[in-house]
Amino acid sequence: MTPIAPGPTGLAADSTALAGSLVQSVDWLAIAPPTIAAVAALVCLVADLFLPERRKPLLGWLAVGGLALAALSLLPLLDGDRATFCLTADADVCSYTADSFALVIQFLVLGGALLTALLSISNVADLKLPAGEFWFLLLSSAAGAALLPASRDLATLVIALEVASLPAFALVGLRRGDRLSSEAALKFFLSSVTATAVMLLGVSFVYAATGSLHLSRIAGGLTHVDPRLDTLAQAGVVLTLVGFAFKTAAVPFHFWVPDTYVGAPVPVAAYLSVVGKAVGFSGLILVTVLAFPSYAEVWGPVIAVLAALTMTAGNAAALRQRPERAFSAVRLLAWSSVAQAGYLLVPIAAAGYGDSAKDVSHAVGSTVAYALMYAAVNLGAFAVAALVARTSPGNRLTDYRGLYATRPAAALALGFFLLCLAGLPPGVIGLFAKVTVFSAAVDAGLGWLAVVMAVNVVIALYYYLQWTAALFRAPAGETATAPTGEAALTRTGSRPLTAAIGLAAVLGVVLSGAPQLVLRFASGSLL
């Protein structure tokens, strides 16, 4: 009798086939931007163990190099959409997609982190912050922020959001023994943890109602939810949006902003005002436009009301800032960032009223275009604030009076940044961004919101122009001679700080010269 060769049983064969179906290749080029930032963070942390104290500034330049390399890795991705970590049963459903929307936000995030790193090189030494920990936390947060816009399932989205947020808590409170820093970190931590808890509860409800975490499948699942789970699905959508409202500092979830910005080192406040907002808004766009389009009649009006309340509350609080109060300059920028968040919410609300994919894509592009403008000029304004803080640690608005007499280049740069934020020439990019947002509201039939925005833009002119005018007044009680050239900018500043101001100014001027390119670059479709 011939023996029968042993073969795999039916169960073993099925297991082998299943294991084989789960194996997939990773598109390393697609995930390069966040990966490079994460690797650079680890390199800085390990290098800190071996560098002597006098060589610690090298870590800052290592971080700058890592962020620059991460930003350059976006270039090969411009030729088309790439996706990875896809379902084997459906290759169109992926967890990571490097489409045009993701690339624009990643450029904003990594560029903002790069400018923040330049601002921080001298600040880390001045405040005697632990260099290794600072650069590791900054790069880790940037890696999470770069991952988020490419996330296409709720699990990856939440993880990316927390990777971006958790290091930021530590960055805010890194000044050991400083009461303001500790208080700011605690407020930021408590508000963010609350937002995350609410968001996770909403995500769990959405998953229970639809049976999926992928955004595209959630969108389909919400259109035919079991009637017994309809209330659960509605609660999940609302709670998820409330969690993102915390992250974007929308009213009434904005209370942590001014104290957090004041207590944090100025470069960290700049980072939170730009990269932190980019994270929150990109996440909000993804869940509303991709996951919850069937609930547009709910989230559209809600976001419109939030936009009106946020811009009004931010501008009203900015008007109340007393120039002689300690840290009034940073507080003004903080409340200004709350008002700017209101403007950023307007096109997202308009997307809820869009009749076609083209309308929604245009509305999303308006938000992204405004975010690009805001990132460049707001980082520039914070860079000048960091320069002034080196000689005036109180950073009062009165400290800026007569800045043109002592540092003309810095005064001209700050004046340009403030005019961009106000939407006045020569800040053409600011005017263009506001007109784009305004037109998105009008096209969506939100005439009342457009009127509220117009009134708030006029209100904001007062404090922006008041600060700009103070730069060119004679210094109180003294007659100053005006140094010229680069020495005026670098007399008390460092070369990295000067470079950050110069890069922001150049970017603002270039964008003002070709504003239509911004909208065309930002209007990549998500649909």
Side-chain angles (χ1 to χ4, degrees), residues 30-31 33-35 37-38 81-87 92-106 108-109 140-168 192-222 233 235-250 253 275-295 299 303 348 351 364 367-368 371 526-527:
I31 65 173
T35 302
D81 295 352
R82 304 174 73 103
T84 188
F85 304 116
C86 303
L87 296 181
D92 293 330
V93 180
C94 304
S95 294
Y96 187 100
T97 301
D99 56 13
S100 55
F101 171 80
L103 297 182
V104 172
I105 300 298
Q106 286 177 336
L108 190 160
V109 165
S140 298
S141 180
L147 171 63
L148 189 139
S151 303
R152 293 298 182 270
D153 69 67
L154 289 178
T156 308
L157 198 66
V158 171
I159 290 171
L161 192 61
E162 290 311 296
V163 172
S165 299
L166 289 173
S192 189
V193 166
T194 302
T196 302
V198 171
M199 187 187 306
L200 285 174
L201 184 62
V203 167
S204 65
F205 286 175
V206 170
Y207 176 71
T210 62
S212 179
L213 289 173
H214 287 88
L215 302 183
S216 57
R217 289 197 166 183
I218 289 173
L222 288 176
V237 170
V238 171
L239 291 175
T240 303
L241 294 180
V242 167
F244 278 104
F246 269 98
K247 299 295 185 181
T248 57
F253 314 110
V275 178
K277 272 190 172 48
V279 167
F281 278 100
S282 57
L284 183 62
I285 289 170
L286 289 173
V287 296
T288 53
V289 173
L290 293 186
F292 306 149
S294 58
Y295 282 78
W299 55 258
I303 293 178
I348 302 177
V364 170
T367 292
V368 176
L526 271 174
L527 303 176

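Residues: numbered from 1 along the sequence shown. Everything quoted here is computed from the prediction, not taken from an experiment.
Here the CG atom belonging to L241 is positioned 11.5 Å from the OH atom belonging to Y295, to the nearest 0.5 angstrom. Between L201 atom CG and T196 atom OG1 the span is 12.5 Å, to the nearest 0.5 Å. Note that the CZ atom of F281 and the CD1 atom of I348 stand 5.5 Å from one another [nearest 0.5 Å]. Atom OG of S294 and atom CG of L222 lie 4.5 Å apart (nearest 0.5 Å). The CG atom of L157 sits 7.5 Å away from the CE atom of M199 when rounded to the nearest 0.5 Å. From L154, atom CG reaches atom OH of Y207 across 11.5 Å, with rounding to the nearest 0.5 Å.
Counting heavy atoms from C-beta outward, L213 and V203 have side chains that approach closer than 4.5 Å. R152 is listed as a side-chain neighbour of L286, based on a closest heavy-atom distance under 4.5 Å. Between F85 and I31, the closest side-chain pair of non-hydrogen atoms falls below 4.5 Å. For the pair E162/L200, no side-chain contact is recorded, criterion being any heavy-atom separation below 4.5 Å from C-beta on.
Contact between A278 and S282 at its shortest, heavy atoms only, is O-OG, 2.7 Å. Residue S140 comes nearest to V163 through the heavy atom pair O-CG1, 3.7 Å, listed as atom of the first residue, atom of the second, then distance. When every heavy atom of G202 is checked against every heavy atom of L239, the shortest pair comes out as CA-CB, 3.7 Å. Shortest non-hydrogen contact noted between C94 and T97 is CB-OG1, 4.2 Å. The two residues V93 and R217 come nearest to each other via the heavy atoms CG2-NE, 3.9 Å. Summarising the geometry of G280 relative to K247, their closest heavy-atom pair is CA-CB, 4.1 Å, with the distance given to 0.1 Å.
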Between T288 and I303, is the side chain to side chain contact (heavy atoms under 4.5 Å, CB included) condition met? List the steps.
CA-CA 10 Å; T288 53; I303 293 178; 4.2 Å; yes
For side chain to side chain contact (heavy atoms under 4.5 Å, CB included), just list the numbers for T240 and F205, CA-CA rounded to whole Å, side-chain angles, deciding distance to a tenth of an Å, and then say yes or no. CA-CA 9 Å; T240 303; F205 286 175; over 6 Å; no
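Although no hydrogens or angles enter the test, the distance criterion places a donor-acceptor pair under 3.5 Å between the side chain of W299 and the main chain of F292. Using modelled atom types, one side-chain atom of S151 and one backbone atom of L147 make a donor-acceptor pair closer than 3.5 Å.
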